Amino acid sequence: MKVLKQLAISILLLCALALPGVAAGVSSSEIYSQFHTPQDRYRPFVRWWWNGDKVEAEELVRELHLLKEAGIGGVEINPLSGSAMSGSICCRLCLTKLKNLA
């Protein structure tokens, strides 16, 4: 009896999840595709702490590529104390590289 109850609840949940797609005329293969390869804005974001002025532009770019390859959709950059000048230069470089990765 417990198994039947769980099965019924699962079927109801699947139907409830499918209804918005059906109402919008979206096929199940389109829904699958959106889950299988989501847009960057639906992927997880990470908080990225920069250790002051001990950051190197080449290493930041390398790590951005690694994050992208790992399926990360974006980063929130939090520079710690250090040279504001080197931090702003690295921020501009990373923003440029992020736009190219998209």
Side-chain angles (χ1 to χ4, degrees):
M1 188 66 165
K2 187 177 181 180
V3 173
L4 289 176
K5 185 177 178 180
Q6 289 175 341
L7 180 62
I9 291 172
S10 298
I11 291 171
L12 286 173
L13 284 173
L14 286 173
C15 290
L17 291 172
L19 284 178
V22 171
V26 179
S27 70
S28 60
S29 62
E30 289 176 274
I31 293 172
Y32 174 79
S33 175
Q34 290 175 3
F35 275 96
H36 189 262
T37 54
Q39 297 174 12
D40 284 344
R41 66 183 180 169
Y42 298 121
R43 292 178 180 272
F45 277 52
V46 295
R47 181 167 286 149
W48 197 9
W49 297 94
W50 286 358
N51 192 12
D53 55 358
K54 293 182 173 59
V55 293
E56 298 175 6
E58 296 81 21
E59 178 61 18
L60 295 176
V61 170
R62 186 187 77 80
E63 290 181 24
L64 282 172
H65 283 284
L66 290 175
L67 290 169
K68 179 73 173 181
E69 290 170 10
I72 301 300
V75 296
E76 174 191 327
I77 298 171
N78 293 289
L80 300 174
S81 64
S83 167
M85 182 60 154
S86 67
S88 66
I89 290 169
C90 286
C91 277
R92 276 186 261 131
L93 173 70
C94 284
L95 286 173
T96 302
K97 292 298 180 180
L98 284 173
K99 288 177 185 175
N100 293 339
L101 285 176

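Owing to the predicted nature of the structure, the values given are computational and were not obtained by experimental measurement. Positions are given from 1 along the sequence.
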Q. Listed by chain and number, what are the side-chain hydrogen bond (donor to acceptor under 3.5 Å, both in side chains) partners of R43, not counting sequence neighbours?
A. none
Q: Consider only side-chain heavy atoms of I, L, V, M, F, W and Y, link residues closer than 4.5 Å, and tell whether V46 and L64 are in one cluster.
A: yes
Q. Which word best sums up how the rings of W48 and W50 line up, parallel for under 30°, tilted for 30 to 60°, or perpendicular for over 60°?
A. perpendicular
**Q.** Where G71 and P44 come nearest, the two heavy atoms and their spacing
**A.** O-CD, 4.0 Å
Q: Report yes if some heavy atom in the side chain of Q34 is under 4.5 Å from a heavy atom in the side chain of Y42; otherwise report no.
A: no
**Q.** Over all atoms of both residues, closest heavy-atom pair of V75 and F45
**A.** N-CD2, 3.9 Å
**Q.** R47: salt bridge (Lys or Arg N to Asp or Glu O under 4.0 Å) partners, not counting sequence neighbours
**A.** E76
Q. Is the side chain of T37 donor-acceptor paired with the backbone N or O of S33 at a distance under 3.5 Å, no angle test?
A. yes
